[in-house]
Amino acid sequence: MEKEAAKRRVEQLHALINKYNYEYHTLDDPSVPDSEYDKLMKELIALEEEHPDLKMPDSPSQRVGGAVLDAFQKVLHKTPMLSLGNAFNEEDLRDFDRRVRQAVGDVEYNVEFKIDGLAVSLRYENGVFVRGATRGDGTTGEDITENLKTIRNIPLRMKRDFSIEVRGEAFMPKRSFELLNQARLERDEEPFANPRNAAAGSLRQLDPKIAAKRNLDIFVYSIAELDEMGVETQSQGLDFLDELGFKTNHERKKCSTIEEVIEIVEELKTKRADLPYEIDGIVIKVNSLDQQEELGFTAKSPRWAIAYKFPAEEVVTTLLDIELSVGRTGAVTPTAILEPVKVAGTTVQRASLHNEDLIKEKDIRLLDKVVVKKAGDIIPEVVNVLVEQRTGEEKEFNMPKECPECGSELVRIEGEVALRCINPECPAQIREGLIHFVSRNAMNIDGLGERVITQLFHEDLVHNVADLYKLTREQLINLERMGEKSTDNLLKSIEKSKENSLERLLFGLGIRFIGAKAAKTLALHFETLDKLKKATKEELIEVDEIGDKMADALVTYFEKEEILKLLDELEELGVNTVYKGPKKAAAEASDSYFAGKTIVLTGKLSEMSRNDAKAEIEALGGKITGSVSKKTDLVIAGEAAGSKLAKAEELNIEVWDEARLISELKK
DNA sequence: TTACCTCGAGATCA
DNA sequence: CTCGAGGTAA
C-alpha cells in the first residue's frame, strides 16, 4: 500500500479498535461482533509490519504483547505507593471516624470495594501510557509496562493530553481464573492457587504474549496529582477517571456519617460472593481532597483512609510439632508445624508461635486440634486450641533449657519475652548474622543466599563477615551447585558490595537496636565509621532520633576488641566505611531563608504543585512536616486553608501566601 | 508464610 | 528436564 494511504488507514484503525475495545471492556456494551475486532487488529498488525515507522507507542496492536524482556527495570514512584491502615470491626471504624473528625471536623466519606489483586501505577505523558509499575516497597517498583499494555481496560491513550500517574488494582476475574486453571489441568500443568497469585504471576512474565492471554483486568482508583486537575473530592476523581477513559469500580457510595458507612459496609459485604472478581475488604476514604491533605500521612499510610478487612477465614487442623530456631540475636523462636490445610487460598503448614508466653497463655500442646487463620490474610496464626477435642494423647510443650544449636544455657532477660542463647560463638547466630549482612537492605550481595552461606559456614570457609571478602574463585567453584557462571556473578557482587555507602555496612553489622533507619541517621551524621567509633554516649544521644538504648548499644559494641579488629580487617580488605549518600550538606549550609526551618504547607497551591514546593524548599534546607505545632517556624497557606492555618494563627506562627513563597524561592 | 517467575546447575539422553 | 535459590507479591 502506498505510504500516505497506509498512514491514514493506520490512524483509522487505531480509532476504530480503541472505540470497540472501550465499548467491549470498559462500558461492557459492544457495538460490533468480536470477529470484526479481530479482523481490524490483524489488518493493523500487518500494516505495521509492512511500515514499521507507522507503529506508534500507543498502537492498540501492543495489546497482543510486545517484545520479550530479559529483566524488569526498577521504577521510582513519583509519589510513594502506600498501604492502608486496617479496620477489622465497627469499633475500629468508629475510632477512625473519631480521629478524622477531631482533626478536620465534619466529613463526607467515599466507600469503595478493596479489590484483591496487585497495586499498580500507570504513568501517562501527554495522554500516552508510557510506564506501568508494581508497588514494590512503595518507593521503587518494577517496570511491567509491556505486560500492562495487554490489559484492555488500560487506555494506551487517555481522552485528554495530561501527564499524570494513576493508581489501580490489577486482577484476574474469577471466571478467567477458572477457565485458565481448567486449561492448565487439561495440559497437565499445575493450577494456580488463587486469582491473585495468577494475576501476579501473569504480570511477572518476561514475555508479554503470555500476559496477553491471561485475561487480566483493572480497576483504577486514584490520580497521584488529583488536586492539580481541578477535582475536589475522591468521588469526583473517580468520575474524572471514567471521563479519561479508565475503568473504575462503580460500586461506590458517599456517606456523611460513620453509621451510614457501617450500614454500607454491611450491604456491600453481602455482595461479595456474587461479584465476578474477588475483594478482600472495603475502603473508606475521606472524600474532600482538601481534608485529605490536612489529615496527611503517618510513616506508612494516609490518615484519611482505612481498609475494612473481612474477618479472616478460620480452619481447624492438627499441630504436629513445635520447631525451634535460633535467630541472629540469639532469640529462640518456636514455630508450629501443622497438618497442611487450605486457608484463604493457600496451604498453611507453619505458623510462628513467637515465644514461650504465647504457648503457655493459649495452652498449646503437641497434637492439639487448633484453629488457624491468616492475620491480615497473609501471616498464619494459631488462634486457639480446641480443648474439648483433646483425646489425652496431647503432650505439653516446654521450652528447652539449652540452645538447640550450641547447647549453651538459655537465659530470659528481665522484661523480655524471648529466651536467648547468649553464647557469642553459637553457630546459628553467626550464620544468621552472615545472612543478615549480605541481605538486601544491608550489603546486598546478590547470589549469596541462605543456602550458600550455610555451605560456606559448614565448609569452614567463612566465620565472620570479613571472611566473605577473602573468598577465592577456587573455593567457591568447588561448592555444591556452584558453576562458572554463578561463581563469577557472586565474586562480582561481593566486589561491588565493597563500594556500599556506610549505612549499609552499619546495618549489616547487626548492632542491637540499629535498624536500617538508625543506620542511615548515624551514617549521615558521622559520615565515617572512624568518627562513629569514637563517638561518646553523649554525642550519640544528641543526634536526632538516637536515644539512650541505641547509644548504649553502640558504645558497648565499639568497645569490643574483637569488633574493632574485625572492622579494621574489613577496611583493609577494601570495604568502604564512609557515607556516600546525598549530603544534608548544601541544605543546612545554605544561606536560604528556609535553611533549618520547619515548614508546613496547607491549602491548595495554584502556581506550583505541592510536591514541587516541597522539593524546592527541601533543596534549600527547609524541613516540611505535616502538622502545625510550636516547633513549626513557618506556614505556607494556599487557597482554602483550613484548621492548620487557624492553628498557626493561634500559635502566632509566621504565615505566607503562595506568592510570597514563590518570590522567596526565586531569590 | 506461601505462591509464583526466572535463572543456573547438574542429571539424563541423544 | 528437574531442582532449588533468589526475588517479589500479598
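In what follows, every heavy atom counts, from backbone to side chain, and hydrogens, waters and symmetry copies are set aside. So that the names make sense, note that chain A is the first sequence line, chain B the second, and so on, each numbered from 1.
Between A:Lys342 atom NZ and B:dT2 atom C1' the separation is 10 Å, expressed in whole Å. Across the protein-nucleic acid pair, A:Gln205 atom CD and B:dC4 atom P stand 12 Å apart, rounded to whole Å. Across the protein-nucleic acid pair, A:Asn489 atom CG and B:dC7 atom P stand 12 Å apart, rounded to whole Å. What separates CG of A:Leu118 from P of B:dA3 is a distance of 16 Å, to the nearest Å. A straight line from CD of A:Glu484 to C1' of B:dG8 spans 13 Å, rounded to a whole angstrom. Protein atom CZ of A:Phe171 is 19 Å distant from nucleotide atom P of B:dC4, rounded to whole Å.
A cation-pi contact, defined as under 6.0 Å to the ring centre and within 45° of the axis, is absent between A:Arg204 and A:Phe72.
Side-chain contact of A:Thr487 with A:Arg473: a donor-acceptor pair under 3.5 Å is absent, judged by distance alone. A donor and an acceptor atom, one from each side chain of A:Lys374 and A:Thr346, are located under 3.5 Å apart.
Residue A:Ile378 has its side chain nearest to B:dT1 when only B:dA9, B:dT1, B:dC4 are considered. Comparing B:dT1, B:dC7, B:dC4 against the side chain of A:Arg350 picks out B:dT1 as the nearest. Picking from B:dT2, B:dC5, B:dA9 the nucleotide with the shortest atom distance to the side chain of A:Ser486 gives B:dA9. In the set B:dA3, B:dG8, B:dC5, the nucleotide with an atom closest to the side chain of A:Phe192 is B:dC5.
Under the side chain to side chain donor-acceptor pair (under 3.5 Å) test applied with A:Glu112, the options A:His250, A:Gln234, A:Lys253, A:Arg252 reduce to a single match, A:Gln234. Applying the side chain to side chain donor-acceptor pair (under 3.5 Å) test between A:Thr329 and each of A:Arg420, A:His436, A:Arg512 identifies A:Arg420 as the sole match.
Close approach of DNA chain C to chain A, defined as any atom under 4.0 Å from a non-hydrogen atom of the protein, starts and stops at C:dC3 to C:dA10.
Between A:Glu146 and A:Lys149 a salt bridge is recorded (basic side-chain N to carboxylate O distance below 4.0 Å).
Counting only heavy atoms from C-beta outward, the side chains of A:Thr134 and A:Leu203 never approach each other to under 4.5 Å.
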Interface polar pairs with nucleotides 10-12 of chain B, N/O, under 3.5 angstrom:
from   : atom 1 : to       : atom 2 : distance (Å)
B:dG10 : OP1    : A:Arg481 : N      : 2.9

